[in-house]
Amino acid sequence: MREGQRVWVFLAAVSGFLAVAFGAFAAHGLADPKAAEVMRTGSTYEMVHALATLACAALTSLPRVPRAVAQTTFLGGSLLFSGSLYALALGAPHWIGIVTPFGGMLFLTGWLVLAFSALRRPQPAS
């Protein structure tokens, strides 16, 4: 495994770990059902994008730059979207929720970058 791949696999694994940890906390550690649901939503989106980041690390046939952009936006989206939901579920001020849509936009950007990079013509080997 190349060094760049190792870093992305590590980051994806940490994100997956956090998704499971926060999901378990939502199920067993929060008494407020609304807070638990908000945390579960964050956990679900984080897990999906941890797996997407891991898949990007394995897709070595895609160009490196768009693949790295997709991975970065997936993890950045997890930080903003899921992180803000976790904070809200744990009692952060409601204004924290203003960053949630920016995380969602990063998720969407990552998926679009990944889609368009898959349509790019492969460059001939030099």
Side-chain angles (χ1 to χ4, degrees):
M1 184 182 310
R2 293 180 323 214
E3 190 61 31
Q5 281 178 304
R6 290 168 49 103
V7 170
W8 287 114
V9 169
F10 171 79
L11 292 172
V14 168
S15 186
F17 171 87
L18 291 172
V20 171
F22 280 110
F25 186 67
H28 304 290
L30 290 175
D32 178 9
K34 184 172 167 80
E37 183 58 33
V38 168
M39 190 167 282
R40 267 193 298 278
T41 299
S43 175
T44 300
Y45 275 79
E46 183 164 9
M47 181 56 76
V48 166
H49 290 89
L51 294 172
T53 301
L54 188 61
C56 286
L59 293 172
T60 57
S61 61
L62 291 177
R64 184 183 59 80
V65 171
R67 194 174 65 234
V69 169
Q71 291 168 307
T72 302
T73 58
F74 290 154
L75 291 177
S78 289
L79 182 66
L80 294 179
F81 183 88
S82 299
S84 64
L85 292 181
Y86 298 152
L88 288 169
L90 294 172
H94 288 291
W95 63 264
I96 293 290
I98 200 162
V99 303
T100 308
F102 293 104
M105 291 302 294
L106 286 174
F107 287 152
L108 293 170
T109 299
W111 287 112
L112 284 176
V113 167
L114 194 57
F116 285 115
S117 71
L119 294 177
R120 277 183 71 188
R121 276 182 182 253
Q123 301 297 319
S126 31

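No hydrogens, no waters, no symmetry mates; every other heavy atom, side chains included, goes into these values.
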Inset, instruction - List the steps and the verdict of side-chain contact (heavy atoms from CB on, under 4.5 Å) for Leu51 and Met47. - result: CA-CA 6 Å; Leu51 294 172; Met47 181 56 76; 4.3 Å; yes
Legend entry - salt bridge (Lys or Arg N to Asp or Glu O under 4.0 Å): pairs with one or both residues in residues 46-73, sequence neighbours excluded: none
Linked, directly or transitively: [X] and [Y] (ILVMFWY side chains, under 4.5 Å):
{"X": "Ile98", "Y": "Leu88", "result": "no"}
{"X": "Leu18", "Y": "Leu90", "result": "yes"}
{"X": "Val7", "Y": "Leu75", "result": "yes"}

Inset, instruction - Could you tell me the separation between the CZ atom of Arg6 and the CG atom of Leu11, rounded to the nearest 0.5 Å? - result: 12.5 Å
Is any side-chain heavy atom of [X] closer than 4.5 Å to a side-chain heavy atom of [Y]?
{"X": "His49", "Y": "Thr73", "value": "no"}
{"X": "Leu106", "Y": "Leu80", "value": "yes"}
{"X": "Leu62", "Y": "Leu114", "value": "yes"}
{"X": "Cys56", "Y": "Phe74", "value": "yes"}
{"X": "Thr53", "Y": "Ser15", "value": "no"}
{"X": "Leu85", "Y": "Met39", "value": "no"}

Inset, instruction - Keeping the roles fixed (side chain from Thr100, backbone from Ser84), state whether a donor-acceptor pair exists under 3.5 Å. - result: no
Inset, instruction - Give the minimum heavy-atom separation between Pro66 and Ser117, together with the two atoms involved. - result: CB-CB, 3.4 Å
Legend entry - Closest non-hydrogen atom pair between Val9 and Ala57, with its separation: CG2-CB, 4.0 Å
Legend entry - Verdict with supporting geometry, Phe81 and Phe107, ring-ring contact (aromatic ring centres under 6.0 Å, His included): CA-CA 9 Å; Phe81 183 88; Phe107 287 152; 5.6 Å; yes
Inset, instruction - Please determine if Arg40 and Glu37 form a salt bridge, counting it only when a charged side-chain N lies under 4.0 Å from a carboxylate O. - result: yes
Inset, instruction - Please collect all ring-ring contact (aromatic ring centres under 6.0 Å, His included) contacts where either partner lies in residues 3-35, sequence neighbours excluded, each pair once. - result: Phe22-Tyr86
